[in-house]
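First the structure, in the form of structure tokens, and then the observations on it.
Index from 1, following the sequence. Read the numbers this way: they start at 1 and go in the same order the structure lists the ligands and their atoms.
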Amino acid sequence: MKEQHLHKDTLVVHEGYEDTEHHGSLTVPLYQTATFSFETASQGEKRFAGAEEGNIYSRLGNPTVRVLEERMTALENGQGTLAFGSGMAAVSAVLVHLTNSGDHILCSRGIYGCTFGLLGIMERKYNIKHDLIRMWNEEEIERAIKPETVCIYVETPINPTMELVDIQAAVNVAKRYGLRVVVDNTFSSPYLQNPLDFGVDFVLHSATKYINGHGDVIGGLLTGNDKEEMESIRMTVQKDFGGIMSPFDAWLLIRGLKTLPVRMERHSSNAEKMIAYLKGQKLVEEIYYPFDRDSSQFAIAQRQMRAGGGIISFTVKGGKEQAQLFMDSLSLIKIAVSLGDAETLIQHPATMTHSAIPEQERLQMGITDSLLRLSVGLEHAEDLIEDMKLAFSVME
Ligand code: PLP
């Protein structure tokens with residue numbers, strides 16, 4: 001299907017699949033196979049030589065995985081997508097693709113803990129350095145560029161502080177210096193934000209989160225705006241490092257993706273109700289949710305996001321002890337890392353997702369001991385608020 005004018009709500013259901021030879025199967029069939037047989041030896045030769053299109057071996061491509069890839073390409077307004085076995089496999093593939101020994105990567109000042117870990121490995125083993133900086137405007141970004149800088153790597157909203165990067169500012173600077181731009185779009189999903197529309201080169205997702213939405217798959221997706229370049233990554237870094245997605249996980253993600261629009265709307269409206277409650281709660285110090293009118297970044301949020309999504313971070317009075325007491329006093333809301341699931345989850349970044357980051361750097365990123373990250377799920381907002389009320393009452 002190539003109807004680019006279709007709405008995202010329709011694309012999530014139909015894009016990339018037409019039942020021409022699948023026995024009338026309404027849903028996308030699962031091709032759970034490692035390899036594909038050729039009719040003749042010469043057909044095999046042609047496929048390896050790239051002279052004939054068709055399947056060879058599932059590490060190089062699989063029909064079920066391909067439907068997911070095409071669907072994501074349409075949702076992110078891109079030209080090609082590659083599916084990986086985890087979000088981190090997508091992050092590492094794009095960074096390996098873009099960098100050589102001695103290069104420099106300019107990063108937003110908050111990035112996912114394992115991305116930070118990967119950058120450390122790249123520095124130690126390959127002398128690929130990085131800087132983490134605030135990216136609220138072009139000047140801040142331009143000032144940090146070095147002669148060795150090759151790409152700008154951005155998370156927005158940043159996990160877990162919910163700080164935004166001005167995507168257009170990053171792209172404007174990158175264009176002036178011939179740099180590539182990568183955006184980790186995990187927190188917004190392609191339903192709420194499409195970085196490629198601003199001129200970004202690559203957008204990636206931990207598909208484990210909103211794309212799947214049901215907490216039962218680990219996966220990653222990388223979409224680019226250059227079809228040939230995406231195919232070249234498929235046949236180099238992806239094929240040879242081998243971090244591919246399994247057909248079954250792609251099948252589950254295709255199923256999860258169908259409800260992305262309705263889920264994102266509910267996550268966002270539930271989050272708004274939770275924020276209204278948190279604003280009146282005296283034990284809450286700060287609330288971080290850029291799509292809120294009171295946020296200093298509301299103008300940027302409105303320029304690049306369609307709604308705020310389901311992640312709220314907030315600080316409670318009393319530091320780590322009180323933050324942990326609050327978590328322990330919840331019952332409906334589960335203590336767990338990950339996000340984007342039907343279940344509302346809460347975690348303490350300083351001792352969980354970001355605990356590997358040295359304290360000083362962690363504090364510079366704004367991840368204090370009193371910060372909590374809530375992934376608002378799909379339950380009824382009143383039940384979630386009631387759960388929080390009871391937990392706060394224990395702290396008083
Ligand atoms: N990027 C962000 C923003 C994340 O939150 C995560 C995981 O939490 C990742 C990347 C890594 O994804 P995965 O756990 O699927 O490897």
Exercise for the section: Measure centre to centre between the rings of Y17 and H22, then say whether the value is under 6.0 Å. Expected result: yes
Exercise for the section: Please round to the nearest 0.5 Å and tell me the distance separating atom CH2 of W251 and atom OG of S246. Expected result: 12.0 Å
Handout entry: T353 and Q347 side chains, donor-acceptor separation under 3.5 Å
Key = yes
Problem - Identity and distance of the protein heavy atom lying nearest atom 15 (O) of ligand 1 - result: T208 OG1, 2.6 Å
Handout entry: Per atom 7 (C) of ligand 1, closest listed option by heavy atom (K209, E155, M88)
Key = K209
Practice task
Examine the side chains of E52 and Q43 and answer whether a donor and an acceptor come within less than 3.5 Å of each other.
Solution key: yes
Problem - Nearest protein heavy atom with distance in Å, relative to atom 10 (C) of ligand 1 - result: D184 OD2, 3.5 Å
Handout entry: Any S338 heavy atom less than 4.0 Å to ligand 1
Key = no
Completion exercise
Looking only at protein heavy atoms, what sits closest to atom 11 (C) of ligand 1 is Y112 CE2, 3.4 Å
Problem - S58-N62 side chain donor-acceptor pair, cut-off 3.5 Å - result: yes
Practice task
Using atom types as modelled and distance alone, determine if a side-chain donor or acceptor of K8 lies under 3.5 Å from a backbone N or O of L75.
Solution key: yes
Handout entry: Shortest protein heavy-atom distance from atom 12 (O) of ligand 1, along with the residue and atom involved
Key = S206 OG, 3.0 Å
Exercise for the section: Using a strict 4.0 Å cut-off to heavy atoms of G219, name the atoms of ligand 1 that fall inside it. Expected result: 15 (O)
Problem - Proximal atoms of ligand 1 relative to N159 (non-hydrogen, under 4.0 Å) - result: 5 (O)
